[in-house]
Amino acid sequence: MKTAVKTENLTKLYGKTKAVDCLSLEVKNGEFFGFLGPNGAGKTTTIRLLTGIIRPDKGKAMINENLPTNSIEAKLIAGVMPESQGLYEWMTAIEYLLFFAHLYGVHDPIKAAVEKLAIVGLSNEKNKRIGAFSRGMRQRISLARALINEPKILFLDEPTLGLDPKGQEDIQNLLKTLNTEGVTIFYSSHLLNEVAQLCSRIAVIHHGKLIAQGTITQLQEQTGLTNDSLKDIFLKLTGE
Amino acid sequence: MFKYILVTELQASLYTWKSTVWFLITSAIFSFTSYLFLTDKELSLLDQTEMLWLISKIIIGTALLIITVDASNTINAEFEKETAESLFLTPLTTKDFVLGKLLASLALWIAIYLISIPYIIVVSAGSHLTFAFVIYVLMLGTMIILGFQMMIFGISFLFRSSKNTLTTSLIILLALVIPATFSSTLKNNSLSHFLSVINPVDNVFSSLDNVLVDYKIAISSNLLYIIPVLIFCLAAFTFMLYSIKLFKRSGIVNKD
């Protein structure tokens, strides 16, 4: 199976602090990969390195076998929902998606924008200004932006944060469908139940270092917590 | 791809009423100045060419001030509102990003210039200088404003803060405009004469003086003043490229 995401000794320093420390990961095509860690563990920095927003100080990161993460080709096949939503408050939902569809060079921008709004359940709000959106609606429009270029690999940083239970369920179902259709999902979240339910494989980082990775069964074996939940495994691994 | 950045930037100016405020301020300044020139006892005694020269300085000075304030926010807003990350996740290149922003900012100057034309026509009525005035204000104004924009964009990429960029740019603007206003007095001293020769704002004003007061309309007669302005633009462009290089090296997001 082909590699969707690969890092080798990936390291990022902020001053003297190692935000990411010699991280080596491999995510296969079509995987739903969970990426866990306590606050400040380096999850967001890793996603920024994987999406070419920042450059590593050491090591390398590639997507879709061998594409450098900051290349145009990599950006065309990756969809990203970053931690900071960065929305243009004065735009309407449809204007916002059209703008990004143009930047990605989407063949039929109007069709794509209308379709993505429908997918995230914002069709009725398409002419509403983003400035008037609730937190949950902002999450949805960010997700629609991440999907506008029909990505093969989707990087999601806390995608269901601020959503009500119904909203969370809708997004989870959407992600399951996308994964079934072959989209590789790199999923960072603090909601461990959600990760346990969705992800086929999980990696845990702490202080920028990879401390464990595998399926839930493998993590249970590694920690000796054979009948415990992901939450217990996570707490044992991170010592919190 | 820069056209999408340009269009979005222009739309943002319209939606947020930012441009409308600038245009109202510009119109008020030009109307007030023209009114004074035509009605004030002492000002109306000025020679028409002197009057034209003064109004050309007011047009370019007002535009420089407005562009400085506006351009200080153009790039920095993307960092401060955290929209830069989502923009650079797309295949958008820094070149397209800067070009779109630069043209949008330049459009503001063109709008200010268009607003000034009726005032130029009124003040220059009866003289044979209207055409030269319109052309030289456009040419010199565009050059000096482009230079300032590139310098401000360079500062923006270094600081990523509109407050710091605006403060630094205003200090530079004042440091160039104030000596240019007292140019003839300062030329008595060799050091200040040298500073006057390299000051792009001073050269713009001197060229306008050459055209409007001394009737030296040919480009060749103004090359002595135009070349330092072009050198300033080149220096500002080089500085902007350097800060973009630093920006790319440190990453779109430079802290966790």
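Residue numbers begin at 1 in each chain, while the letters A, B, ... track the order of the sequences. The structure displayed is predicted, hence computed values, not measured ones.
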TODO: Taking atom CD1 of Ile135(B) as the centre, report whether more than 12 heavy atoms of other residues, nucleotides or ligands fall under 6.0 Å from it.
DONE: yes

Task: Which portion of Met81(A) sits near chain B, non-hydrogen atoms under 4.5 angstrom - done: neither

Open item on the list: Quick check on Asn124(A): does its CG atom have over 12 non-hydrogen neighbours (other residues, nucleotides or ligands) under 6.0 Å away?
Closed with: no

Task: Residues of residues 59-80 of chain A within contact distance of chain B, non-hydrogen under 4.5 Å - done: Ile72(A), Lys75(A), Leu76(A), Val80(A)

Open item on the list: Are there over 12 heavy-atom neighbours, none belonging to Phe23(B), within less than 6.0 Å of that residue's CZ?
Closed with: yes

Open item on the list: Just verifying a value: how many Å separate Leu103(A) CG and Leu89(B) CG, rounded to the nearest 0.5 Å?
Closed with: 11.0 Å

Open item on the list: Please check if the number of heavy atoms outside Phe2(B) that lie under 6.0 Å from its CZ is greater than 12.
Closed with: no

Open item on the list: Please report the interatomic distance OG1(Thr83(B)) to CD(Gln85(A)), rounded to the nearest 0.5 Å.
Closed with: 12.5 Å

Open item on the list: If you define the side chain from C-beta out and look only at heavy atoms, does anything of Glu78(B) sit under 4.5 Å from Tyr88(A)?
Closed with: yes

TODO: State, with a plain yes or no, whether a side-chain heavy atom of Glu85(B) is found less than 4.5 Å away from one of Thr51(A).
DONE: no

Task: Beyond-backbone contact of Phe99(A) with Thr90(B), side-chain heavy atoms, under 4.5 angstrom - done: no

TODO: Heavy-atom distances under 4.5 Å only: say whether Leu87(A) touches chain B with side chain, backbone, both or neither.
DONE: backbone

Open item on the list: Is there a side-chain contact between Tyr4(B) and Leu98(A) in this structure, where contact means two heavy atoms from C-beta onward sitting under 4.5 Å apart?
Closed with: no

Task: Contact winner vs chain A - Asp96(B), Val7(B), Leu87(B), heavy-atom pairs under 4.5 Å - done: Leu87(B)

Open item on the list: Report which part of Glu95(A) has an atom under 4.5 Å of a heavy atom belonging to chain B: side chain, backbone, both, or neither.
Closed with: side chain

Task: Interface moiety of Gln11(B) toward chain A, non-hydrogen atoms closer than 4.5 Å - done: both

Task: Closest non-hydrogen atom pair between Ser86(B) and Phe100(A), with its separation - done: O-CE2, 3.4 Å

TODO: Rounded to the nearest 0.5 Å, what's the gap from CE on Met91(A) to OG1 on Thr8(B)? Could you check?
DONE: 4.5 Å

